[in-house]
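Everything numeric in this text was worked out from a predicted model, so none of it was measured. Read the numbers this way: they start at 1 and go in the same order the structure lists the ligands and their atoms.
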Amino acid sequence: MKILILGSGAREYSIALALQNTNENIEFYFAPGNGATATIGTNLNMKDPKVITAYAKASEIDLCIVGSENFLAEGIVDLFKENNIAIFGPTKAAAMLEASKSYMKSFLKKYKIKTAKFLNTTDYEKAKKFIMSLTPPIVVKADGLCAGKGVIIAQTYEEALEATKNMLSGESFGEAGKIVVIEEYLDGFELSIFAVCDGKDFILLPAAQDHKRLLDGDKGPNTGGMGAYAPSILASNGLLEQVKKDIIAPTLRGMQQEDSEFVGVLFIGLMVVNNKPYVLEYNVRFGDPECEVLMPLIDNPLDLFLACVNKNLANTKIHIKNEFAVGVVCASKNYPYKDSPKALIDIGEIPQNSHISYAGVSLENNKLYASGGRVLVCVGTGKSIEEAQKNAYMLCENVHFKGKQYRKDIAFQVLK
Ligand code: AMP
Ligand code: GLY
């Protein structure tokens, strides 16, 4: 079987690794991939959805799995479908749930799904009036995709007005900021929920928690994510039942009514306030690094992807291990501020129940080099969160490259 995976991060590497560990005879292709994916498959130097579709058709790809949101927003799924090639991910119209925050908020309102009180607008005066009706902190969001940077939590009215002005003028985020979403601030704890959907049915993967800040104790600047763990005991069964009934089921029904049936991963960023879940945002793909801790917990990932593509989840049994996984991101020296010098990666012993998922690496003369950004994720699994964490950190200590930095407290939320 030939599987093409789209993206270049540790997320995409971890999907391939999970499939490889549970199935023989898969030939992997990646576009564009990274230095490590080149060691388990073939990297295709392609980014244009049309070029990728033509390649997939010509080389008889059996299944394409889309890792990164940019391909989805560009409509790669629509192109594959037109060509009758199986693809796991939402169409361009369904991917609007992530690509446009104003669309997402209007959708939530229309289908009566709990979310922070908000206003979508292109008009500064209207934004100002709404801002002045709230109590700081006030949340100001750019409508479009901004690589996770388009959200400002303003501590004062002045800061909120300034952020709004800069977005609407195009100064902060260009076209992506021409519509703003102003929101009330919700004070609670955050959880990432992953529902894998076939359009009508879904299965819930273990709840995960990301660590967005660079430094221990959630200090320092925001990053793409410095580590994750799953399942989180913060997600009680009662809470998960509420999420299924009051959020996921109405979302899938709503998307059907909008003629945008949702196939793929619905990644829901929740804020839990007084034990009630509110949708902060939807993403339409796996989180990174959440994916890296979820993949090792699924016994039959290929069945999962195929069941979604074939709209057959209701008749498919997906086995989730009764285990925990912790993933610690090792980033390069200057992350997230600027590029870092290339550094050779030296890996010592890989302890039992641990493995590496690779991201920012290049392959030269059969050697892996850290090439910047988030370099790799050390993942540990175990029967308890403590054991999984210990295994992840043992591996971290055996991985060396110049400038390596990592958080020492991944999963602290549940280990206090
Ligand atoms: P988003 O990309 O919309 O998830 O926002 C990024 C981050 O901003 C979230 O993970 C939250 O930490 C924070 N955030 C977004 N919206 C709100 C809100 N209404 N109240 C509190 N925090 C928020
Ligand atoms: N880990 C957050 C994200 O992938 O958006």
Side-chain angles (χ1 to χ4, degrees), residues 7-12 14-15 66-70 72-73 95 97-105 108 114-120 130-131 134-155 160 163 167 173 176-177 180-194 207-214 218 221-230 232 265-273 276-295 327-329 331 336 357 359 373-374 377 407 410 413:
S8 60
R11 168 177 54 199
E12 289 73 25
S14 74
I15 293 171
V66 189
S68 106
E69 61 272 27
N70 292 326
L72 296 168
L97 282 181
E98 175 167 359
S100 165
K101 289 194 193 292
S102 61
Y103 172 83
M104 177 220 15
K105 293 292 285 193
L108 289 169
K114 268 205 175 63
T115 188
K117 201 164 86 177
F118 72 101
L119 175 78
N120 295 335
F130 189 67
I131 286 171
L134 300 171
T135 312
I138 293 161
V139 186
V140 182
K141 300 182 176 182
D143 179 55
L145 292 176
C146 299
K149 298 190 182 72
V151 176
I152 307 290
I153 313 277
Q155 298 301 328
M167 284 187 196
F173 302 107
V180 293
V181 181
I182 313 288
E183 263 182 36
E184 72 173 330
Y185 180 82
L186 296 176
D187 196 5
F189 69 87
E190 285 184 61
L191 268 187
S192 304
I193 300 287
F194 296 87
Q209 222 173 5
D210 188 9
H211 299 60
K212 291 212 170 89
R213 303 293 200 93
L214 182 70
D218 285 339
N222 260 331
T223 68
M226 293 301 290
Y229 70 92
S232 173
V265 182
L266 185 66
F267 161 6
I268 306 165
L270 285 182
M271 186 71 87
V272 183
V273 186
K276 295 236 159 16
Y278 290 74
V279 176
L280 282 185
E281 65 165 349
Y282 290 117
N283 293 303
V284 296
R285 36 81 195 171
F286 279 115
D288 189 350
E290 290 95 327
C291 187
E292 292 91 303
V293 294
L294 292 173
M295 280 298 134
V328 180
V329 171
S357 278
R374 293 186 289 175
V377 187
R407 275 180 67 158
I410 301 303
Q413 299 89 334

heavy-atom search around atom 14 (N) of ligand 1 in the protein gives Ile153 CD1, 3.8 Å
Kindly give the heavy-atom pair with the smallest separation between Ala176 and Leu145, and that separation in Å. CB-O, 4.0 Å
Any N or O on Asp288 sitting closer than 3.5 Å to an N or O of ligand 2? yes
Which atom pair, heavy atoms only, marks the closest approach of Val273 to Asp187? CG1-O, 3.6 Å
Considering only the protein, which heavy-atom contact is closest to atom 5 (O) of ligand 1, and what is its distance? Val151 CG2, 3.4 Å
Taking distance alone, with N or O pairs closer than 3.5 Å, would you say Tyr185 contacts ligand 1? no
Closest heavy-atom pair and its distance - Pro289, Gly224: CD-O, 4.2 Å
Check: of Glu183, Glu190, Met271, min heavy-atom distance to atom 12 (O) of ligand 1 comes from Glu190
What atoms of ligand 1 come within less than 4.0 Å of a heavy atom belonging to Lys212? 10 (O)
Closest protein heavy atom to atom 17 (C) of ligand 1, given as residue, atom name and distance to 0.1 Å: Leu280 CD2, 3.4 Å
Per-atom contacts of ligand 2 with Asp210, taking only distances under 4.0 Å to non-hydrogen atoms: 1 (N), 2 (C)
Under-4.0 Å salt bridge between Asp143 and Lys105: no
Verdict with reasoning, Arg11 to Arg285, per side-chain contact (heavy atoms from CB on, under 4.5 Å): CA-CA 10 Å; Arg11 168 177 54 199; Arg285 36 81 195 171; 3.5 Å; yes
To atom 4 (O) of ligand 2, the nearest of Glu290, Arg285, Met226, Glu292 on a heavy-atom basis is Arg285
Taking only heavy atoms of Gly224 into account, list the atoms of ligand 2 that are under 4.0 Å away from them. 1 (N)
Can you check whether a protein heavy atom sits less than 4.0 angstrom from atom 7 (C) of ligand 1? no
Side-chain heavy-atom pair Leu108, Tyr282 within 4.5 angstrom cut-off: yes
For ligand 2, is there an atom lying under 4.0 Å from some heavy atom of Gly287? yes
Is Leu186 close to ligand 1, meaning an N/O of one under 3.5 Å from an N/O of the other? yes
Straight-line distance of Arg374 CZ to Ser357 OG, nearest 0.5 Å: 12.0 Å
Heavy atoms of Ile15 and Cys291 approach each other most closely as CG1-SG, 3.8 Å
Identity and distance of the protein heavy atom lying nearest atom 2 (O) of ligand 1: Glu281 OE1, 3.0 Å
Beyond-backbone contact of Tyr229 with Gln413, side-chain heavy atoms, under 4.5 angstrom: yes
Measuring from atom CE of Met104 to atom NZ of Lys141, what distance do you get when rounded to the nearest 0.5 angstrom? 5.5 Å
Heavy atoms only: give me the nearest Ser232-Gln209 pair and the separation to one decimal. OG-OE1, 4.2 Å
So which heavy atom in the protein is nearest atom 16 (N) of ligand 1, and how far is it from that ligand atom? Lys141 NZ, 3.0 Å
Which of the numbered atoms in ligand 1 are under 4.0 angstrom from any heavy atom belonging to Val139? 16 (N), 17 (C), 18 (C), 19 (N), 20 (N)
Which ligand 1 atoms, with their elements, are less than 4.0 angstrom from a heavy-atom of Lys101? 1 (P), 2 (O), 3 (O)
